[in-house]
Amino acid sequence: MTRPILEVDALERRFDVSAPWLNRLLEGKPRRTLRAVDGVDFDIQLGQTLALVGESGCGKSTIAKLVTGLHAPSGGAIRFNGDPDKMQMIFQDPYASLNPRWRVGRIIAEPLRTLRPETPEPQVMARVDELLRTVGLAPADAAKFPHEFSGGQRQRISIARALAGEPEFLVCDEPTSALDVSVQAQVLNLMKRLQKEMGLTYLFISHDLSVVRHMADVIAVMYLGRVVEIQPTADLFARPLHPYTRMLLDTIPDLEAPKRDRAPMGGEVPSPVSPPPGCSFHPRCPIALDRCKRERPQREMRVHDRRVACFAAEESADV
Amino acid sequence: MTDPVLDVRGLRVEFPTRRGVLTAVDDISLTIGRGEILGVVGESGAGKSMTGMAILGLLEPPGRIAAGEIRLSGTRIDTLTESEMQKVRGRRIGAIFQDPLTSLNPLFRVGDQLVETIRLHTDLSKSAARARALELMREVGIPAVEERIDNYPHQFSGGMRQRIVIALALCAEPELIIADEPTTALDVSIQAQITALLKRLCRERGTAVMLVTHDMGVIAETADRVAVMYAGRLAELGAVEDVVRRPRHPYTEGLMGSIPSLRKDMDELQMIPGAMPRLNSIPQGCAFNPRCAHAGPRCRRDTPRLETTGAACWLALTGETA
Ligand SMILES: Nc1ncnc2c1ncn2[C@@H]1O[C@H](COP(=O)(O)OP(=O)(O)OP(=O)(O)O)[C@@H](O)[C@H]1O
Ligand SMILES: Nc1ncnc2c1ncn2[C@@H]1O[C@H](COP(=O)(O)OP(=O)(O)O)[C@@H](O)[C@H]1O
Ligand code: SF4
Ligand code: SF4
Ligand SMILES: [Mg+2]
Ligand SMILES: [Mg+2]
């Protein structure tokens, strides 16, 4: 196999969430650290899509910010084996990420002007026209402001802006979560088409398993700052190994089986400030073993060439 | 035959503006029976919330009900005065909204809010009301209720807060609950807990539920029947299995095809060209006609409507669109 374009190794990011020091002094409270990302490894192959999926607060956006350099790691390493100028990011809220006072043409041209300041103006404008067409908008839209567009159109503008930097690698943090499903379909189809045509690599973040199944080659399931399981998409759905993944798959509404009655997953995700000891999933795990309360399952445990952080999955695979 | 719990006929909601009257909801007719969950689904701006707010009597002026009738267990409620309607709300109709904090006062302990609501609607003594509050909190699945009853809303997680809002809505044992995107802000595992709770309450107490959401998955999982809204009107109404598996309206069909499947591999998702029209530019005839592959001359001329079930579509109704 060729060298991955992105290698993430034992990545950690902690945040200091202590009360202000005066309060700590007066109330005798200790410093508190939140482990948003707690020892995460994964690789992404060139031209592929790796998806991070998990519930709110599990650390997905923090990883996106670490990979794009918006946060510095507290530990571990990120190796990007590509041109660092060719990494771009698409955010969840396409409105907040577009400057409301700039016309769309200027928004899209900006990365281009940064990348190649010497480009003559007519060429910049021609490129903006082309990019607008690529994402299914019209060249005339360059003269409008972001508020004149719908949510889906704004997300297309963000994609056009990202493409203007001639990226090889796109970090997409919940790019369609704010959109209606019919609009989401337009944006996802566009992203897939662009990937095929331009050979893009995606780090794709979503909490929606059906979206992730549609988009990803490989899926990493996260829980409380850790990757609990990582598998190629088809395998993950055919044979989920981690109890949390299995519960997630049982929990998501299935349009192909309407009016299903099922027992929802109990409990809630614990606070990342004081995660449970051992396997942090053990309080909700239906098959927890005794050692799960004390020992942390290691991240490099391999079962049939997949990676899963679970003692029970490992034991059942031994036999 | 007994009256349905909710019976809405020909509902129209209008917003007079400087540039003319906008019709946000038009010609909505639907019923919900005892113990039934009716899902109302559609994309943002389709008029789902306005329908719910009209039934609750909570339309913000200048929004108003311009036509139609709303009956609760046989009695008209759209003609009641605001003070009469206030009594109906809370006592006979409970409301649950997307953000639990809109229903909870951050400055008061949840127990006090429950006790106050219970006493407003019943003649229980203070201690009996507190016992009832504990019972309700237990019923909606709050652990360690004796400890939690004296907590403030911010001390609960989003899912737990939504459970408390449901407990609040249940205080007076309403006949009808209107839940507008009750699980949209929650994680899937918590979302499943809340929909399971709604289903159980509906089954055990016979409460009628109108579940408003943009999420077809939640509807498929929870509702008995589903009403699909498009541009302020009903596009399709029927048993959830039928609508999900065999949609009859081209819009519903497109909507279903645009959702990535959990089982089938799809190279491309189905796309509905264009976007839902704005309120000030709803096309004549069938509002979906500029986006519909089957549109014919009749679709551009006459507005199709559905009586009680089926699709508001000339093709589905008459087999042709000429
Ligand atoms: N700047 C920060 N300071 C303190 N805590 C933070 C900071 N950024 C993130 N966190 C915490 O880190 C954890 C992971 O957050 P992150 O935003 O990565 O989650 P996420 O998986 O993207 O969730 P969502 O699905 O809600 O977007 C959360 O507990 C969050 O509250
Ligand atoms: N105060 C208002 N004035 C004018 N139009 C409004 C007002 N409130 C809502 N609308 C419009 O009514 C339509 C239906 O809104 P709503 O019921 O909230 O949609 P949904 O809940 O289906 O997303 C939308 O087009 C919305 O913009
Ligand atoms: S390690 Fe133990 S507690 Fe954790 S998921 Fe596996 S069996 Fe469950
Ligand atoms: S009435 Fe005509 S335009 Fe409307 S959905 Fe049916 S076929 Fe399409
Ligand atoms: Mg996030
Ligand atoms: Mg709404």
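As a basis for the values below, the full set of heavy atoms in this structure was taken, side chains included, without hydrogen atoms, waters or symmetry mates. Just so we're on the same page: letters track the sequence lines, and every chain starts at 1.
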Check each atom of [X] against the heavy atoms of chain A and say whether the ones under 4.5 Å are side chain, backbone, both or neither.
| X | result |
| --- | --- |
| B:Val244 | side chain |
| B:Asp224 | both |
| B:Gln191 | side chain |
| B:Met276 | neither |
| B:Ser261 | both |

Given a strict heavy-atom distance threshold of 4.5 Å, which part of [X] is in contact with chain B: side chain, backbone, both, or neither?
| X | value |
| --- | --- |
| A:Leu179 | neither |
| A:Ala257 | both |
| A:Asp254 | both |

Rounded to the nearest 0.5 Å, what separation is found between the [atom1] atom of [X] and the [atom2] atom of [Y]?
| X | Y | atom1 | atom2 | result |
| --- | --- | --- | --- | --- |
| A:Leu255 | B:Ile219 | CG | CD1 | 10.5 Å |
| B:Ser258 | A:Gln184 | OG | CD | 7.5 Å |
| B:Arg291 | A:Ser182 | CZ | OG | 5.5 Å |

For this session: Sequence neighbours left out, what passes salt bridge (charged side-chain N to carboxylate O under 4.0 Å, His left out) with B:Arg245? Give chain and number order.
Result: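 Once residues adjacent in sequence are excluded, B:Arg245 has no partner under the salt bridge (charged side-chain N to carboxylate O under 4.0 Å, His left out) criterion.
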For this session: Not counting sequence neighbours, which residues clear salt bridge (charged side-chain N to carboxylate O under 4.0 Å, His left out) with A:Lys192? List them please.
Result: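 Not a single residue meets the salt bridge (charged side-chain N to carboxylate O under 4.0 Å, His left out) criterion with A:Lys192.
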Exercise. How would you list, in number order, the residues of residues 202-221 of chain A that have a heavy atom less than 4.5 Å from chain B?
Worked result: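 Expected list: A:Leu209, A:Ser210, A:Val211, A:Arg213, A:His214.
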Problem set entry | Side chain to side chain, B:Glu43 and A:Val181, heavy atoms closer than 4.5 Å |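 Of all side-chain heavy-atom pairs linking A:Val181 with B:Glu43, none is under 4.5 Å.
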Between the main-chain N or O of [Y] and the side-chain N or O of [X], is there a donor-acceptor pair closer than 3.5 Å?
| X | Y | result |
| --- | --- | --- |
| A:Asn189 | B:Leu269 | yes |
| B:Gln193 | A:Gly267 | yes |
| B:Asp187 | A:Glu55 | no |
| A:Gln186 | B:Ile272 | yes |

Problem set entry | Most chain A-contacting option - heavy-atom pairs closer than 4.5 Å, from B:Ser157, B:Gly254, B:Gly42, B:Ala196 |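 Top count of heavy-atom pairs under 4.5 Å with chain A: B:Ser157.
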Exercise. Who pairs with A:Ser158 by side chain to side chain donor-acceptor pair (under 3.5 Å), at least two apart in sequence or on another chain?
Worked result: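 Expected list: A:Gln155.
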For this session: Return the option, out of A:Gly136, A:Ala234, A:Pro253, A:Gly57, with the maximum number of heavy-atom pairs under 4.5 Å with chain B.
Result: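 Ranked by contacts with chain B, first place is A:Pro253.
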